[in-house]
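First up is the structure itself, then whatever we jot down about it.
Keep in mind that what you see is a predicted model, and the values were worked out from it rather than measured. Chain naming here is simple, since letters A, B, ... match the order of the sequence lines and numbering starts at 1 in each.
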Protein chains: 2
Amino acid sequence: MEPNIRIEQALTSALDEATDRSTPPGLAAALRHAVFAGGARVRPRLCLSVAMACGEDAPPLSDAAGVAIEFLHCASLVHDDLPCFDDAALRRGQPSVHKAYGERLAVLAGDTLIVLAFGVLARHVPGAPQRSGELLSLLAAAAGTPHGIAAGQAWECEERVPVSAYHRAKTGALFAAATVAGAIACGAPSAPWRLLGERLGEAYQVADDLRDVIGEAEKLGKPVGQDQAHDRPSAVAALGVDGAKGRLDRLVSEAMHSVPACPGREQLCAGILQEMHRVLPCKLSLVAA
Amino acid sequence: MEPNIRIEQALTSALDEATDRSTPPGLAAALRHAVFAGGARVRPRLCLSVAMACGEDAPPLSDAAGVAIEFLHCASLVHDDLPCFDDAALRRGQPSVHKAYGERLAVLAGDTLIVLAFGVLARHVPGAPQRSGELLSLLAAAAGTPHGIAAGQAWECEERVPVSAYHRAKTGALFAAATVAGAIACGAPSAPWRLLGERLGEAYQVADDLRDVIGEAEKLGKPVGQDQAHDRPSAVAALGVDGAKGRLDRLVSEAMHSVPACPGREQLCAGILQEMHRVLPCKLSLVAA
């Protein structure tokens, strides 16, 4: 089954169980809104693709890993959109969770998604203790401190922000967790997969920065994007469009070369390149791999 | 070692590791403030007391369970104090986390504590897979939906609040988890311990309600407490002071009688009674057990 179909099914089934009829209706609705609002599922698809490339032998466990990763990602978006952070009214063209359901349910939906992420994996401990234990520790590190998502977001609250630590934690940690988790879920040596996740995380970040400038300019004749408006660190601000594009090419090339030997290496690399083209502004094309 | 000394040491060591020098300083400070602001550690002490009564054979695992329970409790307090919920400026006589460190770091400190709770337990999976797996699932249920803390707090956002489901989830879930976790941590049959946690959770709630009325009246000549001010459900509002006191006596008596046969039953019961006297307004005394 295609990773994107698998992950939607797994997310649906995990959320159905967590929001039965005894759940407060507002929280149940906010959770659904947070998870099913048109996300591209980049991280869980990456996780499943790595598992499949490694010769997956326990699909329910990789599904659980993908679900946990996506729940943590959605939680961070919901809390990131809160009035005290980005105060974003929209997310993927729809009202953000706090706009649709209020700030209190947005805080609680984020909290619940974090809990659910670990709850989904915890069930696999009896059947696959070693792999599940590694997955749980991996995701706790990717979500928490000192180098996970929460730490990354907390750098935004400091006067002096170490830009690379900020990006590594806020974006890179969960990408690296996605590739490593895919390997762990099928019992493959996982450490060699970290570099792929790190490079791809950074590549997505640079592609985002490019879209923020070129996308806007193409559609609206408005060269100034959100990064500049929010004074966020951006590869385009630091390197210019050409410099950022060169950096993206290098990152994708390094990502490709980092992929460890495995049964499905070729298909995995082809899929990753296709995915990178999807997120690149349409007037650019990759010079990579 | 006394449970209260053990738990402080375990909390300190868990937080030290999670806030090394590469952690954003504001987040590290907010986490310390959230955890070390004079909490009574009721839940983790209960967890450790049950483990010791059952003939504890793996103290590091019970410590981890106690730490995880306290981190989840602290996370819920930090988020509960946020401006969008109770907007509390003080907690235990000190500035609440959002007052001291800002709303963003309060949101992130709560998120991080939830992650840490599961991370602390995840480490024990390799050495004690069955017990750790049960503890992880237990705490995910106690913190999330449909019957955990987040669900309990979410009932506050509904127009019609089912009072008993609200209390059971918001307060009872973590108390029940504390007694059950103590048994799981030492491999004892855990289900028979749930009733003790449930009754004690409710007893603490009623004692709180009584203190909110009698404590205030004694000290300040101010009979109207916070529950009434916030229009919160309260046992005193529903039953009057005498009715609530009668209910408390019954709950403590039921709690005592529910304690399963175990090597340290007598000492555990004595400790619980002592603890209940501590939280009772001083002009009342228990007619129980």
Side-chain angles (χ1 to χ4, degrees), chain A residues 18-28 30-31 75-76 79 82-85 101-105 107-112 114-126 129-130 132-134 136-137 139-141 143-151 153-158 165, chain B residues 18-28 30-31 75-76 79 82-85 101-105 107-112 114-126 129-130 132-134 136-137 139-141 143-151 153-158 165:
Chain A
T19 56
D20 72 9
R21 290 170 60 192
S22 56
T23 307
L27 180 60
L31 286 167
S76 82
H79 283 183
L82 284 171
C84 64
F85 286 105
Y101 297 96
E103 214 175 321
R104 296 187 297 170
L105 285 174
V107 171
L108 293 174
D111 292 355
T112 304
I114 299 174
V115 172
L116 282 176
F118 294 101
V120 162
L121 282 172
R123 291 191 197 172
H124 291 269
V125 171
Q130 194 185 333
S132 304
E134 284 182 48
L136 284 157
S137 289
L139 292 195
T145 55
H147 305 298
I149 304 175
Q153 212 157 333
W155 280 120
E156 294 178 13
C157 308
E158 300 290 331
Chain B
T19 56
D20 72 8
R21 289 170 59 192
S22 56
T23 308
L27 179 60
L31 286 168
S76 82
H79 283 182
L82 285 172
C84 64
F85 285 105
Y101 298 95
E103 215 175 321
R104 295 186 298 169
L105 285 174
V107 171
L108 293 174
D111 292 355
T112 304
I114 299 174
V115 171
L116 282 175
F118 294 100
V120 162
L121 282 173
R123 292 192 196 170
H124 292 270
V125 171
Q130 194 185 331
S132 305
E134 283 183 48
L136 285 157
S137 289
L139 292 195
T145 56
H147 305 298
I149 305 175
Q153 211 157 334
W155 280 120
E156 295 178 13
C157 309
E158 300 289 332

[options]: which one forms the most heavy-atom pairs within less than 4.5 Å of chain B?
options	answer
A:Leu82, A:Thr19, A:Ile114, A:Leu116	A:Ile114
A:Pro129, A:Ala18, A:Gly144	A:Ala18
A:Ala140, A:Ala109, A:Pro146, A:Gly148	A:Pro146
A:Ala30, A:Ser76, A:Ala122	A:Ala122
A:Leu139, A:Asp111, A:Asp20	A:Asp111

Contact part of [X] toward chain B, heavy-atom cut-off under 4.5 Å: side chain, backbone, both or neither?
X	value
A:Pro83	neither
A:Gln130	neither
A:His124	neither

Item to check | Exercise: identify the closest heavy-atom pair between A:Val115 and B:Ala143 | outcome: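 Smallest heavy-atom distance, with atoms named: CG2-CB, 3.8 Å.
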
Next on the checklist: Tell me every residue that passes side-chain contact (heavy atoms from CB on, under 4.5 Å) with A:Ala117, counting only those two or more places apart in sequence or in another chain.
Outcome noted: A:Ala68, A:Phe71, A:Leu72

Mind ranking [options] by heavy-atom pairs under 4.5 Å with chain A and telling me who comes out on top?
options	answer
B:Ala28, B:Gly102, B:Ser22	B:Ser22
B:Ser137, B:Cys84, B:Ala151, B:Pro126	B:Cys84
B:Ala154, B:Gly119, B:Ala150	B:Ala154
B:Gly133, B:Gly26, B:Pro24	B:Pro24

Item to check | Gap separating the SG atom of A:Cys157 from the CG atom of B:Leu108, nearest 0.5 angstrom | outcome: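 It is 5.5 Å, given to the nearest 0.5 Å.
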
Item to check | Gap separating the OG1 atom of A:Thr145 from the CG atom of B:Leu31, nearest 0.5 angstrom | outcome: 6.0 Å

Checklist entry - side chain to side chain contact (heavy atoms under 4.5 Å, CB included) between B:Leu121 and A:Phe118: does it pass, once the steps are laid out? => result CA-CA 11 Å; B:Leu121 282 173; A:Phe118 294 101; over 6 Å; no

Next on the checklist: My understanding is that only residues two or more places apart in sequence, or in another chain, count here; which of them pass salt bridge (charged side-chain N to carboxylate O under 4.0 Å, His left out) with B:Glu156?
Outcome noted: B:Lys170

